[in-house]
Amino acid sequence: MKYLKIFKQKLEIARYSESTIKTYISTLTTFFKKLNGVSVEEVDESIIQNYIYSEIKEKNISQSYQKHILGSIKLFYEVMFNRKFSLSHLYPKRVEHSLPKYINKEDVLKMLSFTENLKHKSIISLLYGCGLRVSELVNLKIIDIDSTAGIVSIIQSKGKKDRYVMLPQSVLPLLREYFKNYTPKFYLFEGSESEKYSSRSIQQVVKQAAMKAKISSLVTPSILRHSFATHLIQAGTDLQCIQELLGHNSLHTTQIYTQITDLKMRKIQSPLDF
């Protein structure tokens with residue numbers, strides 16, 4: 001669709017991230033396919049409302065995805081047609097309180113022990129050992145790894161911010177062996193023709209490693225990142241340090257991990273166990 005092509009170009013000019021643009025385009029493509037003969041120019045608030053209602057009833061979409069759909073549509077019409085929809089009544093009024101899921105360290109080590117492929121083991125090691133987002137891992141360049149200083153540079157991540165994270169010393173021999181065998185040219189992890197590894201490939205690597213380790217709970221790259229934060233808190237690491245390592249804007253975002261660990265750290269007993 002010509003409008004989406006122009007919209008994508010405008011977002012690129014405005015320096016939106018590659019992953020954000022991809023998500024916006026995907027969301028809008030799905031929305032436009034459901035217009036049932038109504039042209040893009042004729043969309044009004046009632047059409048948007050009906051679409052959101054059908055998505056909730058038919059797909060039981062989450063509150064966060066509902067917000068994302070509305071944000072995508074709102075931005076599109078502001079950028080493309082200078083139209084400002086009043087959509088506040090379509091946003092969820094109740095706040096979801098879901099705790100981040102994580103796995104224990106023993107399960108992470110099992111995943112690594114059952115992963116023989118050097119590239120895959122290096123990917124899992126850095127996702128967990130550095131607490132990286134998938135987008136940060138796929139964009140890691142060779143020059144971002146400073147083995148002498150023991151740090152990894154995360155350049156222009158979420159919110160266009162740079163930060164440093166620790167490079168696990170236990171992972172260094174593995175990375176050196178991986179580098180020697182795979183000889184990446186530019187990105188640390190590359191697919192065909194020296195292009196960066198895809199996010200989907202990394203998700204599959206994690207999924208397969210969890211299956212081999214016979215871990216029954218869901219394991220994703222995000223869950224490895226949550227596990228990194230949770231295990232640091234359990235080890236007594238200062239919350240502000242964890243905030244900086246994760247690249248959170250607000251300490252409030254990081255504090256959610258304390259809710260997972262509080263009961264265990266305080267050793268609170270149920271009255272039935274007295």
Side-chain angles (χ1 to χ4, degrees), residues 1-98 100 132-139 154-163 195-196 198-200 202-203 220-222 225-226 243 246-254 256:
M1 180 189 290
K2 64 175 182 179
Y3 286 131
L4 285 180
K5 186 175 181 181
I6 297 170
F7 180 61
K8 181 175 182 288
Q9 187 179 63
K10 287 179 179 289
L11 294 185
E12 288 173 344
I13 292 171
R15 300 302 182 94
Y16 280 75
S17 72
E18 182 182 332
S19 59
T20 299
I21 294 172
K22 186 177 179 180
T23 306
Y24 275 138
I25 297 300
S26 174
T27 304
L28 289 165
T29 300
T30 303
F31 170 60
F32 293 144
K33 284 180 179 176
K34 296 286 187 72
L35 289 182
N36 296 322
V38 178
S39 70
V40 173
E41 298 91 336
E42 293 173 328
V43 167
D44 58 22
E45 290 166 11
S46 66
I47 290 173
I48 299 170
Q49 178 172 312
N50 289 335
Y51 175 69
I52 291 293
Y53 180 76
S54 68
E55 289 292 286
I56 293 171
K57 289 300 179 182
E58 296 172 15
K59 298 181 182 178
N60 193 28
I61 60 172
S62 66
Q63 290 192 24
S64 60
Y65 189 57
Q66 181 177 337
K67 292 176 185 176
H68 170 73
I69 293 172
L70 291 167
S72 301
I73 295 171
K74 191 173 181 180
L75 180 63
F76 175 82
Y77 281 93
E78 285 180 3
V79 169
M80 295 302 299
F81 301 106
N82 197 27
R83 290 176 62 188
K84 294 191 176 182
F85 287 127
S86 178
L87 304 177
S88 58
H89 62 292
L90 299 181
Y91 281 84
K93 297 301 182 284
R94 296 175 63 187
V95 180
E96 285 181 325
H97 294 284
S98 57
L132 301 182
R133 301 178 176 96
V134 172
S135 59
E136 294 167 348
L137 188 72
V138 298
N139 285 298
I154 311 299
I155 308 299
Q156 293 293 284
S157 183
K158 190 174 182 179
K160 298 295 182 184
K161 295 186 302 181
D162 296 348
R163 74 180 192 280
E195 293 181 355
K196 61 185 175 184
S198 71
S199 297
R200 182 170 178 76
I202 288 173
Q203 289 161 354
T220 65
S222 293
R225 175 173 156 87
H226 296 328
Q243 175 196 354
L246 292 174
H248 287 162
N249 284 326
S250 168
L251 191 61
H252 178 74
T253 307
T254 316
I256 193 169

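Sequence positions, counted from 1, serve as the residue numbers for this chain.
- The line from NZ of Lys5 to CD1 of Ile25 is 12.0 Å long, rounded to the nearest 0.5 Å.
- If you take CG on Leu75 and CG on Leu28, they are separated by 8.5 Å, rounding to the nearest 0.5 Å.
- Taking OG from Ser250 and CD from Gln243, the interatomic distance works out to 6.5 Å, rounded to the nearest 0.5 Å.
- For Glu58 (side chain) and Glu55 (main-chain N/O), no donor-acceptor pair under 3.5 Å exists by modelled atom type.
- We find the CG-CD1 distance between Leu137 and Ile154 to be 8.5 Å, quoted to the nearest 0.5 Å.
- Not a single donor-acceptor pair under 3.5 Å links the side chain of Thr20 to the backbone N or O of Tyr16.
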Can you give each donor-acceptor pair under 3.5 Å made by side-chain atoms of residues 35-42, sequence neighbours left out, with the distance rounded to 0.1 Å?
from: Asn36; atom 1: ND2; to: Lys34; atom 2: O; distance (Å): 3.4
from: Ser39; atom 1: OG; to: Glu41; atom 2: OE1; distance (Å): 3.4
from: Ser39; atom 1: OG; to: Glu42; atom 2: N; distance (Å): 3.4
from: Ser39; atom 1: OG; to: Glu42; atom 2: OE1; distance (Å): 3.2
from: Glu41; atom 1: OE2; to: Tyr3; atom 2: OH; distance (Å): 2.5
from: Glu42; atom 1: OE1; to: Ser39; atom 2: N; distance (Å): 3.2

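- How far OG of Ser86 is from NZ of Lys74: 7.5 Å, rounded to the nearest 0.5 Å.
- Partner Ile73 forms a side chain to side chain contact (heavy atoms under 4.5 Å, CB included) with one of Thr27, Leu90, Ile48 and no other, that one being Ile48.
- Salt bridge absent: Lys22 and Glu18 never bring a charged side-chain N and a carboxylate O closer than 4.0 Å.
- Distance alone, capped at 3.5 Å, is enough to place a donor-acceptor pair between the Arg225 side chain and the Leu246 backbone.
- Distance alone, capped at 3.5 Å, places no donor-acceptor pair between the Asp162 side chain and the Ile155 backbone.
- Between the side chains of Ser64 and Ser62, at least one donor N or O lies within less than 3.5 Å of an accepting N or O.
- Here the side chains of Thr30 and Tyr51 are in contact, with some heavy-atom distance below 4.5 Å.
- A donor-acceptor pair under 3.5 Å is absent between the side-chain atoms of Lys84 and the main chain of Asn82, judged by distance alone.
- Counting all heavy atoms, side chain and backbone alike, Pro92 lies closest to Gln63 at CB-OE1, 3.4 Å.
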Walk me through it: do His68 and Tyr24 pass the test side-chain contact (heavy atoms from CB on, under 4.5 Å)?
CA-CA 9 Å; His68 170 73; Tyr24 275 138; 4.2 Å; yes

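- For the pair Gln66/Tyr91, no side-chain contact is recorded, criterion being any heavy-atom separation below 4.5 Å from C-beta on.
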Applying side-chain contact (heavy atoms from CB on, under 4.5 Å), run through Glu45 and Leu87 and close with a yes or a no.
CA-CA 7 Å; Glu45 290 166 11; Leu87 304 177; 4.1 Å; yes

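- Ring orientation note: the planes of Tyr77 and Phe85 are nearly perpendicular, at an angle over 60° on the 30°/60° scale.
- The pair Glu136-Arg163 meets the salt-bridge criterion, with a side-chain N (NZ, NE, NH1 or NH2) lying under 4.0 Å from an Asp/Glu carboxylate O.
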For a side-chain contact (heavy atoms from CB on, under 4.5 Å) check, start with the C-alpha distance between Phe81 and Phe76, then their side-chain angles and the critical distance, and finish with the verdict.
CA-CA 8 Å; Phe81 301 106; Phe76 175 82; 3.8 Å; yes

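- No donor-acceptor pair closer than 3.5 Å links the side chain of Asn50 to the backbone N or O of Tyr53.
- The two residues Ser157 and Arg133 come nearest to each other via the heavy atoms OG-NH1, 3.5 Å.
- Residue Lys196 places its NZ atom among more than 12 non-hydrogen atoms of other residues, nucleotides or ligands, all under 6.0 Å distant.
- In terms of heavy-atom proximity, Ile202 sits nearest to Pro221 at CG2-CG, 4.2 Å.
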